[in-house]
Amino acid sequence: MEPEHGPDDDADGNAVNMAVGALVTPRLGVVGERASAVSLNAFLAQVEHRAFRMAELQLHQREDALDAVQDAMLRLAQHYRDKPPEEWAPLFWGILRRRIVDLQRRRKVRSIVVGWLGGGQDDDGDELPVWEPADHAPGPPDRLGDAQAYAAMASAVRKLPQRQREAFMFRILEGLDVAETAQAMRCSEGSVKTHLSRAMQHLRDQLEDWR
Amino acid sequence: MTAPDDHIAQRARELYDRAAQRTDPAIGARLHTARLHALAAAHDGERRHAGARWLLPSGACAVIVLAAVTLWQPLQQSRRPVPANTAQGSEIDNELPPDAVQNDPQMYQNLDFYGWLASNGHTVDGR
């Protein structure tokens, strides 16, 4: 359900978005590259790695993240290839978002089924963690110099409510503008501002070490 | 957005960008394959779509031609020449003189005789 955004939220959201707009400016190169990607192949080549990271951040599992990205690319190519190139970005991220939500729901159902089959509690009657497929491959933090910072950021982002997480990832990490983010999230621009404002508030609390 | 928010956003984006640039080569290869597969599937779909685009007009044309042929045949049957015996019967009733080409040309050579025979036939019979 979309949050009701009052005047305070709007004011706060506008302040956040004005600041984000200023922050996005250094990324104009990326935006320019995106606009120049007139062929679908070039566009997908530009976003595929970022899309994988975004899916991985939310799903916490490489195979599922790859599936989500592959499916999003396939759907964009099959159904929206004739759309103007400037519309591909919000469409692609919107498709990927829905695919991620689908996979998360499936996982939840799987966890419930495992719980029914007696896998939800250990011998002492304590709750077992939610079932997730094993992932033994090395994660990106292992290959990054600032592994701890990335892990902290990923952990904080995963703790955000779904809609706040999406607003943060699309607006801050991916650099989409408010309208594109609203299109990808299928909500109003006001809701995007509210979600982002609340996400930043949560992240401020969780990433105190970064200050 | 406050200064700490700016800092968080800036740092989070830098980390995210770096992570995206340093994707595992195996993952990169799989993403590349997935992209090619998506583009190939879209190309196949486009060709199928183009074929389907012609299917409807072609089918409509075929139906129209079939309907035209079906309607044309009864129309042609009604316009066919009437059988010969029917034609002869109508000629008997017809007041017009018979066609010179279709009948005996000798009759026209002796028209005077036949005229006389027609006018005096009753007199001859009465005698």
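These numbers were taken from a predicted model, which means no experiment stands behind them. Here is the naming used below: chain letters follow the sequence lines, and residue numbers restart at 1 for every chain.
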Query raised in the report: Cut-off 3.5 Å, side chains only: do A:Ser191 and A:Ser188 have a donor facing an acceptor?
Result: yes

Report summary line: Heaviest contributor of heavy-atom pairs below 4.5 Å to chain A, chosen from B:Leu31, B:Thr33, B:Leu39, B:Leu36, is B:Leu31

Query raised in the report: Is a side-chain donor-acceptor pair under 3.5 Å present for A:Gln58 with A:Arg165?
Result: yes

Query raised in the report: Quick one: do the B:His37 and A:Gln70 side chains pair a donor with an acceptor below 3.5 Å?
Result: no

Query raised in the report: Under a 4.5 Å heavy-atom cut-off, does chain B meet the side chain of A:Leu66, its backbone, both or neither?
Result: side chain

Report summary line: Applying a strict 4.5 Å limit to non-hydrogen atoms, the region of A:Ala156 in contact with chain B is neither

Report summary line: Of the listed A:His49, A:Met73, A:His79, A:Met153, the one with the largest count of heavy-atom pairs under 4.5 Å with chain B is A:His49

Requested in this report: Please name the pair of heavy atoms, one in A:Asp64 and one in A:Leu103, separated by the smallest distance, quoted to 0.1 Å.
Outcome: O-CD1, 3.6 Å

